[in-house]
Amino acid sequence: MSKKILITGGAGFIGSHVVRLIVNKYHEYEVYNIDLLTYAGNLENLTDIENRSNYTFIKGDITDEVFIRKLFRKYKFDSVIHLAAESHVDRSISDPLAFAKTNILGTMVLLNAFKELWQDKWENKLFYHISTDEVYGTLGETGLFTETTSYDPNSPYSASKASSDHFVRAYGETYGLPYVISNCSNNYGGNQFPEKLIPLFINNIIKNKALPVYGDGKYTRDWLYVVDHAIAIDLIFHKGKNEETYNIGGFNEWQNINLIKLLCLQMDEKLGRDKGESEKLITYVKDRPGHDLRYAIDASKISKELGWKPSVTFEEGLSKTIDWYLDNEGWMKRIVSGEYEKYYKKQYK
Ligand code: NAD
Ligand code: DAU
């Protein structure tokens, strides 16, 4: 069956992998990608599919209510896959209001336009909201986040994402709007903006710059290769049950410092450096305020119900990721000039 899908934030990191997968796999679907092209959005992420006949890019702001309502009336999207967001925790600490605007108001504007368009004619319609494991707060040394873990967000970013999740559920309960939500762990891979740990450190290693490790480096994250997240999103979009939540994770916990050491080793090998050379760049810096100690996902629901599991080991995924950044030096070069330099100086002064 044909579909008319609006993907939001498709020029960003995860969004571009989702757009690519859906456009390439479902030729009969019409895929519309709306993105404001903020500092994090980059049409270079999509050059390989930009001329496909089933793909249209629209530059626009999800918080612009008038524009979004008109867009829904014009194209009559039957489904939305909503990824557009402000996504970086450190930026949410310095500018929390920007996160409330995009992540909460933006989600509500989309929900409202979807509701207004379809009223109660909900057959074959779906609003798929992409969220994060950070809504659950932090874990201690043990335990895993399940779909029923209580929300307990700690950063302005995670609070804004938690709020948007609540609004999606509220529109489901109140107006019968069909929805699914997925909460995923830390993604890594090609096309990720170098404000996040892995691409920032890869870029610094290449340039022999200090590697700024927050606090004691003993914080733990559960890492998932971005292509595996996109595959999970495709599966949930087509097979997920209405009003359900799915946790997505890599079964792959790493303390930051151990991950960084592995990254340094792989980089030494790929750059032809002596073993241990890149590790010398590690520099402990001031901690992130409110830094969550540990995230880890119990992904058994999506695994049992939808048959999903990660396709690569972390070592393989990390190696592919490093290769992507080494093969795409121009992509990185164009990003790390200008505004990025200012951000970097302010964040790591
Ligand atoms: P990203 O920052 O790389 O991309 C966000 C995209 O949204 C950018 O292209 C940006 O231009 C666009 N955007 C921002 N504000 C907009 C607006 N007002 N209107 C239209 N477009 C706008 O983010 P990402 O890492 O790809 O994350 C995508 C989604 O996945 C987010 O909702 C994030 O919360 C969620 N998520 C991310 C991770 C992760 O590890 N990166 C993990 C779990 C969930
Ligand atoms: O868990 C999912 C979340 O993962 C997503 O919802 C977010 O959008 C995404 O940004 C990510 O959040 P984190 O804060 O975990 O990712 P980040 O890459 O910023 O940091 C990962 C860990 O590395 C964290 O413990 C902080 C640490 N870190 C990060 C940077 C940028 C450092 O030690 N030094 C750094 O310079």
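This structure is a prediction, so every number in the text was calculated from the model and none was measured. Numbering of ligands and ligand atoms starts at 1, following listing order.
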Subject >> Exercise: do S311 and D228 side chains pair donor with acceptor under 3.5 Å >> reply: yes
Original post:
What atoms of ligand 1 come within less than 4.0 Å of a heavy atom belonging to N186?
Top reply: 40 (O)
Subject >> I130 neighbourhood, listing ligand 1 atoms whose heavy-atom distance to it stays under 4.0 Å >> reply: 30 (O), 32 (O)
Subject >> Pairing of E253 and R294 as salt bridge, 4.0 angstrom limit >> reply: yes
Original post:
How about N247 and Y136: does a side-chain donor come under 3.5 Å of a side-chain acceptor?
Top reply: yes
Subject >> Residue, atom name and distance, where the atom is the protein heavy atom closest to atom 29 (C) of ligand 1 >> reply: L83 O, 3.2 Å
**OP:** Please report which non-hydrogen protein atom sits nearest to atom 19 (N) of ligand 1, along with the residue it belongs to and the distance in Å to one decimal place.
**Re:** I62 N, 3.0 Å
Original post:
Heavy atom of S131 under 4.0 Å from ligand 1?
Top reply: yes
Original post:
Which of the atoms in ligand 1, numbered in the order shown and given with their element, are less than 4.0 Å from a heavy-atom of A85?
Top reply: 5 (C), 7 (O), 14 (C), 31 (C), 32 (O)
Original post:
Under 6.0 Å from the six-membered ring centre of Y55 and within 45° of its axis: does the NZ or CZ of R20 meet both?
Top reply: no
Subject >> Protein heavy atom at shortest distance from atom 15 (N) of ligand 1 >> reply: T102 CG2, 3.4 Å
Original post:
Are R73 and E116 within salt-bridge range, i.e. N to O under 4.0 Å?
Top reply: yes
Original post:
Do any nitrogen or oxygen atoms of S87 lie less than 3.5 angstrom from nitrogen or oxygen atoms of ligand 1?
Top reply: yes
**OP:** Taking the six-membered ring for Trp and the single ring otherwise, decide whether the centroids of H166 and Y151 are under 6.0 Å apart.
**Re:** yes
Original post:
Considering only heavy atoms of A84, which atoms of ligand 1 have at least one such atom less than 4.0 Å away?
Top reply: 7 (O), 21 (N), 22 (C)
Original post:
Can you find an N/O atom of D61 closer than 3.5 Å to an N/O atom of ligand 1?
Top reply: yes
**OP:** For atom 21 (N) of ligand 1, find the nearest protein heavy atom and state the residue, atom name and distance (0.1 Å precision).
**Re:** L36 N, 3.1 Å
Original post:
Taking the six-membered ring of Y295, is the NZ or CZ of R221 close enough (under 6.0 Å from the centre) and on axis enough (within 45°)?
Top reply: yes
Original post:
Does ligand 1 have a heavy atom under 4.0 Å from the side chain of L37, from its backbone, from both, or from neither?
Top reply: backbone
Subject >> Y32/Y75 under ring pair (Phe, Tyr, Trp, His ring centres under 6.0 Å): CA gap, chis, key distance, verdict >> reply: CA-CA 9 Å; Y32 296 81; Y75 291 105; 4.7 Å; yes
**OP:** Among all protein heavy atoms, pick the one closest to atom 42 (C) of ligand 1 and tell me residue, atom and distance.
**Re:** S185 O, 3.3 Å
Subject >> Salt bridge flag under 4.0 Å for residues K161 and E134 >> reply: no
**OP:** Give the numbers and elements of all ligand 1 atoms closer than 4.0 Å to a heavy atom of G60.
**Re:** 19 (N), 20 (C)
**OP:** Output, in order, the C-alpha distance, side-chain angles, deciding distance and verdict of ring pair (Phe, Tyr, Trp, His ring centres under 6.0 Å) for H88 and F99.
**Re:** CA-CA 9 Å; H88 191 39; F99 283 67; 8.6 Å; no
Subject >> salt bridge (Lys or Arg N to Asp or Glu O under 4.0 Å) contacts touching residues 139-152 (sequence neighbours left out) >> reply: none
Original post:
Would you say F13 and ligand 1 have an N/O pair spaced under 3.5 Å apart?
Top reply: yes
**OP:** Answer yes or no for G10: is there a heavy-atom contact with ligand 1 below 4.0 Å?
**Re:** no
Original post:
Would you call the rings of Y340 and Y343 parallel, tilted or perpendicular if under 30° counts as parallel and over 60° as perpendicular?
Top reply: tilted
Acceptor/donor pairs from residues 171-178 side chains to any protein atom, 3.5 angstrom cut, sequence neighbours excluded:
{"unit_1": "Y171", "atom_1": "OH", "unit_2": "N112", "atom_2": "OD1", "d": "2.8"}
{"unit_1": "T174", "atom_1": "OG1", "unit_2": "A170", "atom_2": "O", "d": "2.7"}

**OP:** State, to 0.1 Å, how close Y128 and I181 come at their nearest heavy-atom pair, and which atoms those are.
**Re:** CE1-C, 4.3 Å
Original post:
Honestly, is R288 close enough over Y219, meaning NZ or CZ under 6.0 Å from the six-membered ring centre and within 45° of the axis?
Top reply: no
Original post:
For E195 and ligand 1, does the shortest N/O to N/O distance drop below 3.5 Å?
Top reply: no
Subject >> Element-labelled atoms of ligand 1 that are located less than 4.0 Å from some non-hydrogen atom of G9 >> reply: 6 (C), 7 (O)
**OP:** Looking only at distances, please establish whether an N/O atom of ligand 1 is found under 3.5 Å from an N/O atom of N187.
**Re:** yes
**OP:** Could you find the nearest protein heavy atom to atom 4 (O) of ligand 1 and give me its residue, atom name and distance?
**Re:** G12 CA, 3.5 Å
Subject >> atom 43 (C) of ligand 1 [closest protein heavy-atom partner, distance rounded to 0.1 Å] >> reply: C184 O, 3.3 Å
Original post:
Can you check whether I14 has an N/O within less than 3.5 Å of an N/O in ligand 1?
Top reply: yes
**OP:** For ligand 1, indicate whether the residue H88 contacts it via side chain, backbone, both or neither (heavy-atom separation under 4.0 Å).
**Re:** neither
**OP:** Mind jotting down which protein residues get a heavy-atom contact under 4.0 Å with ligand 2? Chain and number order, please.
**Re:** S87, H88, V89, T132, D133, E134, Y157, C184, S185, N186, E195, K196, L197, F201, P212, V213, Y214, Y219, R221, N256, R288, H291, Y295, Y348
Subject >> Check: Y157 N/O within less than 3.5 Å of ligand 1 N/O >> reply: yes
Original post:
Is the shortest distance from a Lys or Arg side-chain nitrogen in K101 or E86 to a carboxylate oxygen in the other one below 4.0 Å?
Top reply: no
**OP:** Measure the distance from atom 9 (O) of ligand 1 to every protein heavy atom, then report the residue, atom name and distance (to 0.1 Å) of the closest one.
**Re:** D35 OD2, 2.6 Å
Subject >> Non-hydrogen atom of A11 closer than 4.0 Å to ligand 1 >> reply: yes
**OP:** Would you check whether T38 has a nitrogen or oxygen atom less than 3.5 angstrom from a nitrogen or oxygen atom of ligand 1?
**Re:** yes
Original post:
Within less than 4.0 angstrom of ligand 1, does T8 place any heavy atom?
Top reply: no
**OP:** Please indicate whether any nitrogen or oxygen in I34 is less than 3.5 Å from any nitrogen or oxygen in ligand 1.
**Re:** no
Original post:
With no hydrogens and no angle check, do the side chains of D222 and N252 hold a donor and an acceptor under 3.5 Å apart?
Top reply: no
**OP:** Would you mind listing every ring-ring contact (aromatic ring centres under 6.0 Å, His included) that reaches into residues 239-282, with sequence neighbours excluded?
**Re:** W254-F314
Subject >> F127 and W122 aromatic centres sub-6.0 Å >> reply: no
**OP:** Please report the C-alpha distance between Y225 and Y188 in whole Å, then the side-chain angles of each, then the deciding distance to 0.1 Å, and finally whether the ring pair (Phe, Tyr, Trp, His ring centres under 6.0 Å) criterion is met.
**Re:** CA-CA 5 Å; Y225 189 49; Y188 69 97; 5.6 Å; yes
